[in-house]
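Input: a single structure, listed below in structure tokens.
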2 protein chains.
Amino acid sequence: MAVSKSKAMAEEPNRRADIVRAAGQLFHEKGYPGTTIRDIAGAVGMRSGSPFYHFKTKQDMLGAVVLEGMQAIHEAVAKAAASGKSPRATFEAMLLAHLDQLLGEEGQDFAATLLHESRHLDSKVSAEVVILKDRYELMWQKALKDLKRAGLIEDDSTVARLFLMGMLNWTVQWYRPDGSKSVAQIARQLASFVIGNRARA
Amino acid sequence: MAVSKSKAMAEEPNRRADIVRAAGQLFHEKGYPGTTIRDIAGAVGMRSGSPFYHFKTKQDMLGAVVLEGMQAIHEAVAKAAASGKSPRATFEAMLLAHLDQLLGEEGQDFAATLLHESRHLDSKVSAEVVILKDRYELMWQKALKDLKRAGLIEDDSTVARLFLMGMLNWTVQWYRPDGSKSVAQIARQLASFVIGNRARA
DNA sequence: CCTACCGATCGGTAGG
DNA sequence: CCTACCGATCGGTAGG
């Protein structure tokens, strides 16, 4: 609650952002149709009619969550992809970035909602998401191509990329923050699983 | 089953089974909370109150779908596991069995609903499903152990099994029956992806 | 952002 | 399995 001084971070209460965060959490937990406006309002201390001051419809809330998740995960992974390290180190950094968005504390539910609730989007936002997703997947396809060129994997096909996405995205189903594995450990193990240990330092 | 004599297949209209099938399809398409009793009733040509002649609650319908899916996929994979072939061939047969249940025409939506809508189960059926799932996953853990013992993979840990489950179960998100890959091709490619081609005939 | 409310739809039931 | 219906809840709105 540092309101005055350098109100850089804990800014004046951004209620819209609060709603998006609460909606993301609830959409992830209970699914989009299983979440009510009253759930969301309650989670941010509002009455049931008030979220509509910030969003026109429930659909728009889903759109905001999904688009925010898409942007965040793309940005994080793109940064890792451009880090200029070796193919293996770059790949591992990308894995970590993706998992961190998906499982970490920050964008957690944005990305998870993106992956599992996108089918409930209406056509307008949906079309936008498809484009962004294609662009995102291209980054991974390129990463696989680099790994193959370096002789670290054998298969850099589209299906191989989908296998990889499956391993990454399925973590949502089993990862627990209080479990025995950290996100970084999982990323490392996944890299080894895909590449093997031939090039292991 | 096997009621009278030879009217084995196109039996007297089994309305309960019709409801389970329709419910599975709809739960998979629109999610459990997004599916209404009226949707299900409509899909089998009933009025909205009639499904309750066969099931006490909507929850019970979900339970029936999920349990049926669990049983079917377990049975199919157990059979493949016991085929007595080489570790690699057995593994590939198990992959195919799992994918066939998940993506094939038969139990299609049962298994898919199982994977994605189980969180909406109430505690009673949920507990039962957890037990069955553990038993199912044990089969896979054993398959990985056999592969490692045969020198075909390096990592047979729990997390490795979860990676594998991710690759398998994520196919629901992208597989299309009219696409360029058959289920059998995907199973084969997945085996190669995990094992590599060292032992390839 | 709240109060007060609307029409629509939901899961489920009684009675046949 | 249908007809007819119930109370509860839903997404959304008007008016302040």
Side-chain angles (χ1 to χ4, degrees), chain A residues 1 3 10-66 113 117-126, chain B residues 3 10-67 113 117-126:
Chain A
M1 306 241 161
V3 178
E11 198 77 19
E12 27 197 275
N14 188 343
R15 304 303 271 139
R16 190 184 192 275
D18 292 344
I19 292 173
V20 174
R21 193 177 316 117
Q25 193 171 329
L26 288 161
F27 290 159
H28 175 209
E29 269 173 35
K30 315 171 44 159
Y32 174 74
T35 301
T36 72
I37 296 294
R38 284 159 178 84
D39 290 335
I40 297 170
V44 297
M46 286 178 177
R47 302 302 186 124
S48 71
S50 300
F52 293 106
Y53 174 76
H54 298 277
F55 294 91
K56 230 165 70 183
T57 66
K58 188 185 174 190
Q59 268 285 336
D60 288 347
M61 298 180 204
L62 178 60
V65 171
V66 163
T113 298
E117 306 297 325
S118 286
R119 60 179 162 164
H120 294 113
L121 284 170
D122 65 10
S123 51
K124 176 152 183 219
V125 183
S126 180
Chain B
V3 175
E11 199 78 19
E12 27 198 276
N14 187 341
R15 305 303 270 138
R16 191 184 190 276
D18 291 344
I19 291 173
V20 174
R21 194 177 315 117
Q25 192 171 330
L26 288 160
F27 291 160
H28 176 209
E29 268 172 35
K30 315 172 43 161
Y32 174 73
T35 301
T36 71
I37 296 294
R38 285 159 179 83
D39 290 335
I40 297 169
V44 296
M46 285 177 178
R47 303 301 186 129
S48 71
S50 301
F52 293 106
Y53 174 77
H54 298 276
F55 294 91
K56 230 167 69 183
T57 65
K58 188 184 173 189
Q59 269 285 335
D60 289 346
M61 297 180 205
L62 178 60
V65 171
V66 163
L67 253 24
T113 298
E117 305 297 326
S118 287
R119 60 177 163 164
H120 294 114
L121 284 170
D122 64 10
S123 50
K124 179 157 183 217
V125 184
S126 180

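Every chain is numbered from 1 and lettered A, B, ... according to where its sequence line falls, protein lines coming before strand lines.
B:Ala22 approaches B:Val44 most closely through the heavy-atom pair CB-CG1, 3.7 Å. Shortest non-hydrogen contact noted between A:Ala23 and A:Ile40 is CB-CD1, 4.0 Å. Taking every heavy atom of both residues into account, B:Ile19 and B:Pro51 meet most closely at CD1-CA, 4.1 Å. For the pair A:Ser118 and A:Val66, the tightest heavy-atom approach, listed with the atom from each and the gap, is OG-CG1, 4.3 Å. Closest approach of A:Ile37 to A:Ser48, counting heavy atoms only: CG2-O, 3.4 Å. Heavy atoms only, all atoms of each residue included: A:Glu29 and B:Arg119 are closest at O-NH1, 3.3 Å.
Within residues 27-46 of chain A, the residues that have a heavy atom under 4.0 Å from DNA chain C are, in order of number, A:Gly45, A:Met46. Near-neighbour residues of DNA chain C inside residues 48-57 of chain A, defined by a heavy atom below 4.0 Å, number-ordered: A:Ser50, A:Tyr53, A:His54.
Using a distance-only test at 3.5 Å, with no hydrogens or angles considered, no donor-acceptor pair links the side chain of A:Lys30 to the main chain of B:Pro33. The backbone N or O of B:Leu121 sits nowhere less than 3.5 Å from a side-chain atom of B:Ser126 that would complete a donor-acceptor pair.
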Verdict with supporting geometry, B:Thr113 and B:Leu62, side-chain contact (heavy atoms from CB on, under 4.5 Å): CA-CA 8 Å; B:Thr113 298; B:Leu62 178 60; 3.9 Å; yes
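Residues that satisfy the salt bridge (charged side-chain N to carboxylate O under 4.0 Å, His left out) test with A:Asp18, not counting sequence neighbours, are A:Arg15, A:Arg21. Among residues two or more places apart in sequence or in another chain, the ring pair (Phe, Tyr, Trp, His ring centres under 6.0 Å) test is passed with A:Tyr32 by A:Phe27, A:His120.
Protein chain A contacts DNA chain C from C:dC1 to C:dT3, reading 5' to 3' and using non-hydrogen atoms of the protein with a distance under 4.0 Å.
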Dot-bracket line, read 5' to 3' along DNA chain C, where crossing pairs take [ ] and | marks a partner on another strand, Watson-Crick or G-U under 3.5 Å: ||||||||||||||||
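Taken to the nearest 0.5 Å, the CG atom of A:Asp39 stands 11.5 Å off from the CD atom of A:Gln25.
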